[in-house]
Amino acid sequence: MDISKAIIPAAGLGTRFLPFTKSVPKEMLPLLNKPAIQCIVEEGIKSDVKNFVIITSKNKQAIANHLDMDAELEQLLKERNKNTLLEALNRIHREAQFTYIRQPEPLGLGHAIWTARHSIGKEYFGILLPDDIITSPANPGLLQLIRIARQERASVLAIQEVPAECVSSYGIVKIKKQITPKLFQIADLVEKPLAKDAPSNLAVIGRYVLSHKIFSALEEATPYAVGELQLTDAISTMIKNNEKVFAYKIQGIRYDIGTPIGWLKANIGMALQDPTYTVHLKNFLADLDSPDSFMFESSKIFEHLK
Ligand code: G1P
(Lines give C-alpha, C1' and ligand atoms only; values in the text may rest on other atoms or scores of the structure.)
Protein backbone atom coordinates (compact mmCIF):
# COMPACT_ATOMS: atom_id res chain seq x y z
CA MET A 1 0.00 0.00 0.00
CA ASP A 2 1.65 3.19 -1.22
CA ILE A 3 1.06 6.17 1.11
CA SER A 4 3.02 9.05 -0.35
CA LYS A 5 0.78 12.09 0.14
CA ALA A 6 -0.11 14.10 3.20
CA ILE A 7 -2.38 17.05 3.82
CA ILE A 8 -1.26 19.75 6.25
CA PRO A 9 -4.17 22.00 7.23
CA ALA A 10 -2.52 25.35 7.97
CA ALA A 11 -5.35 27.79 7.38
CA GLY A 12 -6.32 28.38 11.03
CA LEU A 13 -6.34 31.92 12.36
CA GLY A 14 -4.28 31.07 15.44
CA THR A 15 -6.48 33.09 17.79
CA ARG A 16 -5.02 31.27 20.82
CA PHE A 17 -1.69 32.86 19.92
CA LEU A 18 -2.72 36.47 19.29
CA PRO A 19 -1.22 39.05 18.97
CA PHE A 20 1.74 37.09 17.46
CA THR A 21 -0.52 35.55 14.81
CA LYS A 22 -1.86 38.92 13.63
CA SER A 23 0.80 39.09 10.93
CA VAL A 24 2.82 35.86 11.25
CA PRO A 25 1.30 32.41 10.64
CA LYS A 26 1.35 30.25 13.79
CA GLU A 27 3.00 27.53 11.69
CA MET A 28 6.07 29.79 11.58
CA LEU A 29 6.52 29.73 15.36
CA PRO A 30 10.05 28.53 16.04
CA LEU A 31 10.87 25.26 17.72
CA LEU A 32 14.45 26.03 18.63
CA ASN A 33 15.77 27.22 15.25
CA LYS A 34 13.11 25.74 12.96
CA PRO A 35 9.60 26.92 12.18
CA ALA A 36 6.97 24.41 13.25
CA ILE A 37 5.95 23.82 9.61
CA GLN A 38 9.44 22.54 8.86
CA CYS A 39 9.31 20.08 11.78
CA ILE A 40 5.96 18.83 10.47
CA VAL A 41 7.23 18.44 6.89
CA GLU A 42 10.37 16.67 8.14
CA GLU A 43 8.23 14.19 10.07
CA GLY A 44 6.35 13.56 6.82
CA ILE A 45 9.53 13.12 4.79
CA LYS A 46 10.91 10.67 7.38
CA SER A 47 7.62 8.79 7.00
CA ASP A 48 8.23 8.49 3.20
CA VAL A 49 5.72 11.15 2.21
CA LYS A 50 6.73 12.79 -1.07
CA ASN A 51 3.82 15.13 -1.78
CA PHE A 52 2.40 17.61 0.69
CA VAL A 53 -0.85 19.44 0.15
CA ILE A 54 -0.84 22.50 2.37
CA ILE A 55 -4.14 24.23 3.06
CA THR A 56 -3.53 27.91 3.68
CA SER A 57 -5.45 31.16 3.97
CA LYS A 58 -4.64 34.82 3.55
CA ASN A 59 -1.49 36.15 5.27
CA LYS A 60 0.17 32.72 5.16
CA GLN A 61 2.65 33.36 2.33
CA ALA A 62 5.56 32.93 4.76
CA ILE A 63 4.89 29.18 4.79
CA ALA A 64 5.38 28.77 1.03
CA ASN A 65 8.36 31.13 1.11
CA HIS A 66 10.01 29.07 3.81
CA LEU A 67 9.50 25.74 2.04
CA ASP A 68 10.57 27.11 -1.35
CA MET A 69 14.11 27.16 -2.70
CA ASP A 70 16.04 30.37 -1.99
CA ALA A 71 18.77 30.43 -4.65
CA GLU A 72 20.39 33.59 -3.32
CA LEU A 73 20.69 32.28 0.23
CA GLU A 74 21.97 28.93 -1.02
CA GLN A 75 24.65 30.64 -3.10
CA LEU A 76 25.70 32.72 -0.10
CA LEU A 77 25.97 29.65 2.15
CA LYS A 78 27.99 27.83 -0.56
CA GLU A 79 30.41 30.73 -0.80
CA ARG A 80 30.83 30.75 2.97
CA ASN A 81 31.27 26.94 3.16
CA LYS A 82 28.29 26.55 5.45
CA ASN A 83 27.65 23.05 4.15
CA THR A 84 25.67 21.72 7.09
CA LEU A 85 23.24 24.62 6.91
CA LEU A 86 23.03 24.23 3.14
CA GLU A 87 22.32 20.51 3.37
CA ALA A 88 19.49 21.13 5.87
CA LEU A 89 17.93 23.77 3.58
CA ASN A 90 18.24 21.61 0.47
CA ARG A 91 16.76 18.48 1.94
CA ILE A 92 13.17 19.71 1.94
CA HIS A 93 12.84 20.77 -1.68
CA ARG A 94 14.97 17.86 -2.91
CA GLU A 95 12.79 15.30 -1.22
CA ALA A 96 9.29 16.71 -1.37
CA GLN A 97 6.80 18.54 -3.56
CA PHE A 98 4.26 21.03 -2.32
CA THR A 99 0.81 22.00 -3.51
CA TYR A 100 -0.95 24.94 -1.89
CA ILE A 101 -4.72 25.28 -1.67
CA ARG A 102 -6.47 28.31 -0.24
CA GLN A 103 -9.35 27.69 2.12
CA PRO A 104 -11.52 30.72 1.41
CA GLU A 105 -13.38 30.71 4.74
CA PRO A 106 -12.58 29.15 8.14
CA LEU A 107 -15.22 26.41 7.96
CA GLY A 108 -13.45 23.82 10.10
CA LEU A 109 -10.91 21.03 9.81
CA GLY A 110 -13.24 18.79 7.79
CA HIS A 111 -13.79 21.52 5.23
CA ALA A 112 -10.03 22.22 5.03
CA ILE A 113 -9.39 18.54 4.22
CA TRP A 114 -12.26 18.53 1.70
CA THR A 115 -10.64 21.37 -0.26
CA ALA A 116 -7.74 18.96 -1.05
CA ARG A 117 -10.01 16.31 -2.61
CA HIS A 118 -8.75 16.87 -6.17
CA SER A 119 -5.13 16.38 -5.09
CA ILE A 120 -5.69 12.91 -3.66
CA GLY A 121 -6.51 9.88 -5.84
CA LYS A 122 -8.13 6.61 -4.82
CA GLU A 123 -5.49 6.04 -2.18
CA TYR A 124 -4.70 6.26 1.52
CA PHE A 125 -3.07 9.51 2.62
CA GLY A 126 -1.73 11.13 5.78
CA ILE A 127 -2.89 14.21 7.68
CA LEU A 128 -0.50 16.14 9.91
CA LEU A 129 -2.00 18.86 12.13
CA PRO A 130 0.75 21.42 12.68
CA ASP A 131 -0.42 22.39 16.19
CA ASP A 132 0.59 18.90 17.32
CA ILE A 133 4.33 18.35 17.44
CA ILE A 134 5.33 14.76 18.06
CA THR A 135 8.95 14.07 18.89
CA SER A 136 9.93 10.48 18.37
CA PRO A 137 13.23 10.60 16.48
CA ALA A 138 13.69 6.90 15.74
CA ASN A 139 10.07 6.30 14.83
CA PRO A 140 8.26 9.32 13.33
CA GLY A 141 4.63 9.69 14.42
CA LEU A 142 3.08 9.47 10.96
CA LEU A 143 5.22 6.47 10.00
CA GLN A 144 3.88 4.56 13.02
CA LEU A 145 0.36 5.07 11.65
CA ILE A 146 1.36 4.21 8.08
CA ARG A 147 2.69 0.84 9.28
CA ILE A 148 -0.61 0.08 11.01
CA ALA A 149 -2.63 1.25 7.98
CA ARG A 150 -0.63 -1.16 5.78
CA GLN A 151 -0.98 -4.01 8.26
CA GLU A 152 -4.76 -3.57 8.69
CA ARG A 153 -5.45 -2.17 5.21
CA ALA A 154 -7.59 0.49 6.84
CA SER A 155 -7.69 4.03 8.19
CA VAL A 156 -5.96 4.74 11.49
CA LEU A 157 -5.89 7.68 13.91
CA ALA A 158 -3.25 8.58 16.50
CA ILE A 159 -4.57 8.64 20.06
CA GLN A 160 -3.30 9.35 23.55
CA GLU A 161 -4.86 9.04 26.99
CA VAL A 162 -5.91 12.38 28.44
CA PRO A 163 -7.27 13.32 31.89
CA ALA A 164 -11.07 13.52 32.16
CA GLU A 165 -11.00 17.33 32.43
CA CYS A 166 -9.32 17.54 28.99
CA VAL A 167 -11.67 15.36 26.91
CA SER A 168 -13.73 18.39 25.88
CA SER A 169 -10.75 19.70 23.87
CA TYR A 170 -10.41 16.64 21.62
CA GLY A 171 -12.07 14.13 19.35
CA ILE A 172 -12.66 11.13 21.64
CA VAL A 173 -12.88 7.54 20.38
CA LYS A 174 -15.32 4.81 21.36
CA ILE A 175 -13.57 1.45 21.36
CA LYS A 176 -15.07 -1.51 19.52
CA LYS A 177 -12.26 -4.02 20.10
CA GLN A 178 -8.76 -3.93 21.61
CA ILE A 179 -6.33 -5.70 19.26
CA THR A 180 -3.01 -5.17 21.10
CA PRO A 181 -2.12 -2.98 24.12
CA LYS A 182 -1.70 -0.01 21.73
CA LEU A 183 -4.08 -0.82 18.88
CA PHE A 184 -7.86 -0.57 18.89
CA GLN A 185 -10.62 -0.89 16.34
CA ILE A 186 -13.06 1.93 16.97
CA ALA A 187 -16.85 1.88 16.98
CA ASP A 188 -17.27 5.66 16.73
CA LEU A 189 -15.77 8.97 17.72
CA VAL A 190 -17.19 12.21 19.03
CA GLU A 191 -15.81 15.73 18.75
CA LYS A 192 -15.11 17.56 22.02
CA PRO A 193 -17.67 15.86 24.30
CA LEU A 194 -18.40 16.93 27.86
CA ALA A 195 -16.52 14.74 30.36
CA LYS A 196 -19.78 13.07 31.42
CA ASP A 197 -20.64 12.11 27.82
CA ALA A 198 -17.16 10.99 26.69
CA PRO A 199 -17.03 7.37 25.48
CA SER A 200 -13.41 6.99 26.74
CA ASN A 201 -10.38 9.08 27.70
CA LEU A 202 -8.60 8.27 24.44
CA ALA A 203 -8.13 11.49 22.49
CA VAL A 204 -7.35 11.85 18.80
CA ILE A 205 -4.10 13.76 18.37
CA GLY A 206 -3.11 15.40 15.13
CA ARG A 207 -2.00 12.48 12.94
CA TYR A 208 -4.26 10.44 10.69
CA VAL A 209 -3.97 7.99 7.81
CA LEU A 210 -7.30 7.96 6.00
CA SER A 211 -8.90 6.21 3.06
CA HIS A 212 -9.93 8.48 0.18
CA LYS A 213 -13.49 7.48 1.15
CA ILE A 214 -13.30 10.31 3.70
CA PHE A 215 -14.07 12.73 0.84
CA SER A 216 -17.47 11.21 0.08
CA ALA A 217 -18.15 11.11 3.84
CA LEU A 218 -17.29 14.82 4.01
CA GLU A 219 -19.59 15.48 1.09
CA GLU A 220 -22.48 13.87 2.98
CA ALA A 221 -22.22 16.77 5.43
CA THR A 222 -23.19 20.32 4.52
CA PRO A 223 -20.69 22.76 6.02
CA TYR A 224 -22.54 25.93 5.09
CA ALA A 225 -25.69 24.76 6.84
CA VAL A 226 -24.05 23.65 10.10
CA GLY A 227 -21.18 26.12 10.42
CA GLU A 228 -17.93 24.20 10.87
CA LEU A 229 -17.47 20.83 9.19
CA GLN A 230 -15.68 18.46 11.56
CA LEU A 231 -13.30 15.79 10.31
CA THR A 232 -14.39 13.72 13.32
CA ASP A 233 -18.01 13.63 12.07
CA ALA A 234 -16.91 12.49 8.60
CA ILE A 235 -14.77 9.68 10.11
CA SER A 236 -17.82 8.66 12.13
CA THR A 237 -19.86 8.59 8.89
CA MET A 238 -17.18 6.41 7.29
CA ILE A 239 -17.50 3.89 10.14
CA LYS A 240 -21.30 3.89 9.74
CA ASN A 241 -20.69 3.10 6.04
CA ASN A 242 -18.84 -0.07 7.20
CA GLU A 243 -15.28 1.19 6.80
CA LYS A 244 -12.90 -0.18 9.43
CA VAL A 245 -11.11 2.54 11.40
CA PHE A 246 -8.34 1.87 13.92
CA ALA A 247 -6.77 4.00 16.65
CA TYR A 248 -3.15 3.61 17.69
CA LYS A 249 -1.37 4.94 20.79
CA ILE A 250 1.71 6.32 19.13
CA GLN A 251 5.06 6.46 20.87
CA GLY A 252 6.74 9.80 21.42
CA ILE A 253 6.18 13.06 23.22
CA ARG A 254 3.34 15.22 21.95
CA TYR A 255 3.16 18.97 22.42
CA ASP A 256 0.22 21.23 21.57
CA ILE A 257 1.98 24.35 20.33
CA GLY A 258 -1.26 26.21 19.60
CA THR A 259 -0.95 28.08 22.91
CA PRO A 260 2.00 30.02 24.37
CA ILE A 261 2.43 27.61 27.28
CA GLY A 262 2.34 24.54 25.00
CA TRP A 263 4.82 26.17 22.66
CA LEU A 264 7.11 27.04 25.59
CA LYS A 265 6.97 23.45 26.88
CA ALA A 266 7.81 22.18 23.38
CA ASN A 267 10.86 24.40 23.18
CA ILE A 268 12.07 23.45 26.64
CA GLY A 269 11.37 19.75 26.07
CA MET A 270 13.12 19.75 22.70
CA ALA A 271 16.08 21.78 23.99
CA LEU A 272 16.56 19.28 26.82
CA GLN A 273 16.79 16.50 24.21
CA ASP A 274 19.29 18.39 22.04
CA PRO A 275 22.94 18.21 23.12
CA THR A 276 23.55 21.69 21.67
CA TYR A 277 21.30 23.22 24.30
CA THR A 278 20.87 20.77 27.20
CA VAL A 279 23.70 21.92 29.46
CA HIS A 280 23.08 25.62 28.88
CA LEU A 281 19.37 25.28 29.51
CA LYS A 282 19.80 23.17 32.63
CA ASN A 283 22.27 25.69 34.05
CA PHE A 284 19.95 28.54 33.20
CA LEU A 285 16.97 26.84 34.87
CA ALA A 286 19.02 26.01 37.97
CA ASP A 287 20.24 29.62 38.09
CA LEU A 288 16.72 31.02 38.09
CA ASP A 289 16.35 30.06 41.76
CA SER A 290 19.34 32.07 42.84
CA PRO A 291 18.68 35.75 43.71
CA ASP A 292 21.67 37.02 41.72
CA SER A 293 21.27 34.83 38.68
CA PHE A 294 23.83 35.18 35.88
CA MET A 295 21.29 35.15 33.13
CA PHE A 296 23.14 37.64 30.98
CA GLU A 297 26.43 35.81 31.36
CA SER A 298 24.95 32.44 30.43
CA SER A 299 23.16 33.81 27.38
CA LYS A 300 26.58 34.89 26.11
CA ILE A 301 27.71 31.28 26.11
CA PHE A 302 25.54 30.86 23.01
CA GLU A 303 27.72 33.29 21.07
CA HIS A 304 30.05 30.48 19.97
CA LEU A 305 27.13 28.51 18.54
CA LYS A 306 26.32 31.12 15.92
C1 G1P B 1 -8.67 18.99 16.10
C2 G1P B 1 -9.68 17.85 15.89
C3 G1P B 1 -9.80 17.03 17.17
C4 G1P B 1 -8.45 16.54 17.61
C5 G1P B 1 -7.48 17.72 17.78
C6 G1P B 1 -6.07 17.22 18.05
O7 G1P B 1 -9.24 19.90 17.01
O8 G1P B 1 -10.92 18.39 15.50
O9 G1P B 1 -10.66 15.93 16.94
O10 G1P B 1 -8.57 15.83 18.82
O11 G1P B 1 -7.42 18.52 16.57
O12 G1P B 1 -5.19 18.27 18.32
P13 G1P B 1 -8.68 21.41 17.21
O14 G1P B 1 -7.58 21.30 18.22
O15 G1P B 1 -8.19 21.85 15.87
O16 G1P B 1 -9.84 22.19 17.71
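We number each residue from 1, following the sequence as shown. Predicted, not measured: the structure shown is a model, and the values here were computed from it. Counting convention: from 1, in listed order, for ligands and their atoms alike.
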Q. How are the rings of F20 and F17 set relative to one another: parallel (under 30°), tilted (30 to 60°) or perpendicular (over 60°)?
A. perpendicular
Q.
Between K5 and E123 (salt bridge meaning N to carboxylate O under 4.0 Å), is one present in this structure?
A. yes
Q.
Below 4.0 Å, non-hydrogen atoms only: which portion of L231 touches ligand 1? Side chain, backbone, both or neither.
A. neither
Q. Among E161, Q144, Q160, which residue meets the side-chain hydrogen bond (donor to acceptor under 3.5 Å, both in side chains) test with K249?
A. E161
**Q.** Identity and distance of the protein heavy atom lying nearest atom 10 (O) of ligand 1
**A.** V204 O, 2.6 Å
Q. Would you say atom 16 (O) of ligand 1 touches the protein, meaning some protein heavy atom is under 4.0 Å from it?
A. yes
Q) Taking 4.0 angstrom as the limit, do E87 and R94 come out as a salt bridge? A) yes
Q: Step by step, work out the side chain to side chain contact (heavy atoms under 4.5 Å, CB included) result for F125 and V49.
A: CA-CA 9 Å; F125 64 96; V49 169; over 6 Å; no
Q: Under 4.0 Å from a heavy atom of K192: give me the atoms of ligand 1 that qualify, with their elements.
A: 7 (O), 13 (P), 16 (O)
**Q.** For G171, atoms of ligand 1 separated by under 4.0 Å from a heavy atom
**A.** 3 (C), 4 (C), 9 (O), 10 (O)
**Q.** D132 heavy atom under 4.0 Å from ligand 1
**A.** yes
Q: For ligand 1, find out whether one of its N or O atoms is nearer than 3.5 Å to an N or O atom of I205.
A: no
Q) Below 4.5 Å, heavy atoms only, C-beta onward: do Y208 and I214 meet side chain to side chain? A) no
Q. Could an N or O of ligand 1 be found under 3.5 Å from any N or O of S169, whether backbone or side chain?
A. no
Q. Do ligand 1 and Y170 have nitrogen or oxygen atoms that lie under 3.5 Å from each other?
A. no
Q: Starting from atom 11 (O) of ligand 1, locate the nearest protein heavy atom and write down its residue, its atom name and how far away it is, to 0.1 Å.
A: L129 CD1, 3.4 Å
Q. Looking at T232, which atoms of ligand 1 are within less than 4.0 Å of one of its heavy atoms?
A. 9 (O)
Q) What heavy-atom pair brings L189 and I239 nearest, and what distance separates the two atoms? A) CD2-CD1, 4.2 Å
Q | Intermediate values then yes/no, side chain to side chain contact (heavy atoms under 4.5 Å, CB included), L218 and R117 | A | CA-CA 10 Å; L218 283 163; R117 65 198 178 285; over 6 Å; no
Q.
Give me the nearest non-hydrogen protein atom to atom 8 (O) of ligand 1 as residue plus atom name, then the distance to 0.1 Å.
A. E191 OE2, 2.7 Å
